[in-house]
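Since this is a predicted model, take the numbers as computed values, not measurements.
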Amino acid sequence: NLPGAATWFTGPEPRRARHRKEPVDTSVNGIADSAGELRDDRSVPRYQIGTVAERTALSHNTLRHWHEAGLVSPSGRSEGGFRLYSDADIERILVIRRMKPIGFTLEQMQQLLDVLDVLQSDESGPEDRATARATLQEFAQQTRQSVDRIRRHLAYGTEFAALFADLLRASEPGDPP
């Protein structure tokens with residue numbers, strides 16, 4: 001496992017839901033382990049989609065879309081069929097959320113998630129880890145370039161807002177034209 005990888009990729013712990021009805025029934029359908037097999041783990045809290053949406057500042061539709069696209073799958077379902085997400089699922093969602101404004105495609109998001117899975121797995125061999133690390137470096141470079149572009153655009157927007165402020169001050173009543 002990568003030391004501190006979960007925190008590095010997800011940042012600080014997501015904010016807690018105000019109306020804490022969660023975690024919900026943790027005994028339903030089990031939790032998928034790293035091999036994708038279900039295990040019954042009542043100690044792992046799981047959350048319904050509304051709580052996850054609130055904690056991640058994403059819409060229900062976005063979470064459903066990412067599920068349908070194969071980026072993140074809930075760890076289980078309630079007896080009523082509601083999606084149940086674990087804290088690990090939420091961490092994965094937050095990685096995706098951070099990639100979106102940078103301009104990554106769904107395919108690129110899936111590729112990076114696969115890379116992270118390889119790097120975090122104790123079962124990954126040296127060749128797979130080296131390939132994953134090289135891909136991660138490419139993503140890091142692309143992210144730096146995108147962040148630089150976003151900063152330039154933010155500077156343009158800030159200049160534009162200052163222009164409006166100047167125009168509003170110059171056009172105040174009683175001021176000569």
Quick one: CE on M99 to CD on Q110, what's the gap to the nearest 0.5 Å? 10.0 Å
Shortest non-hydrogen contact from S75 to S86? OG-OG, 3.3 Å
Side chain to side chain contact (heavy atoms under 4.5 Å, CB included) filter on R133, not counting sequence neighbours, yields Q137
Under a single-linkage definition using a 4.5 Å side-chain heavy-atom cutoff for Ile, Leu, Val, Met, Phe, Trp and Tyr, are F82 and Y85 assigned to the same hydrophobic cluster? no
Going hydrophobic residue to hydrophobic residue with side-chain gaps under 4.5 angstrom, can you get from F139 over to V95? yes
Measure the spacing between NE2 of H65 and CD of E68 and express it to the nearest 0.5 Å. 8.0 Å
With heavy-atom distances below 4.5 Å as the criterion, would you say the side chains of L94 and R97 are in contact? yes
Identified side chain to side chain contact (heavy atoms under 4.5 Å, CB included) partner of I93 from the options L71, V52, T62: V52
With the 4.5 Å side-chain cut-off for hydrophobic clustering, are L136 and V118 part of the same group? no
Go through L112 and F104 one step at a time and tell me if the side-chain contact (heavy atoms from CB on, under 4.5 Å) criterion holds. CA-CA 10 Å; L112 179 61; F104 287 108; 5.8 Å; no
Rounded distance [0.5 Å steps], CZ in R92 versus OG in S73: 8.0 Å
If the condition is side chain to side chain donor-acceptor pair (under 3.5 Å), which residues does T143 pass it with, not counting sequence neighbours? none
If hydrophobic clusters are built by linking Ile, Leu, Val, Met, Phe, Trp and Tyr wherever their side-chain heavy atoms come under 4.5 Å apart, do F160 and L167 end up in the same one? yes
First locate atom OG1 of T135, then atom CD of Q111, and finally report the distance between them rounded to the nearest 0.5 Å. 5.5 Å
Would R169 and D166 pass as an ion pair if we require N to O under 4.0 Å? yes
Would you give the length of the straight line joining atom CG of L63 to atom OG1 of T56, rounded to the nearest 0.5 angstrom? 5.0 Å
S124 and L119, any side-chain heavy atoms less than 4.5 Å apart: no
On a heavy-atom basis, the closest approach of G103 and Q108 is O-OE1, 4.2 Å
From E79 CD over to R77 CZ, what is the distance, rounded to the nearest 0.5 angstrom? 14.0 Å
Go through the steps to decide whether R55 and D87 satisfy the test side-chain contact (heavy atoms from CB on, under 4.5 Å), and finish with yes or no. CA-CA 11 Å; R55 286 179 65 179; D87 288 325; 3.7 Å; yes
Return all side-chain donor-acceptor pairs below 3.5 angstrom for residues 144-155, not counting sequence neighbours, or 'none' if the list is empty.
from : atom 1 : to   : atom 2 : distance (Å)
R144 : NH2    : Q141 : OE1    : 2.9
S146 : OG     : I102 : O      : 3.3
S146 : OG     : Q142 : O      : 3.2

Any chance the side chains of T131 and D128 put a donor and an acceptor closer than 3.5 Å? no
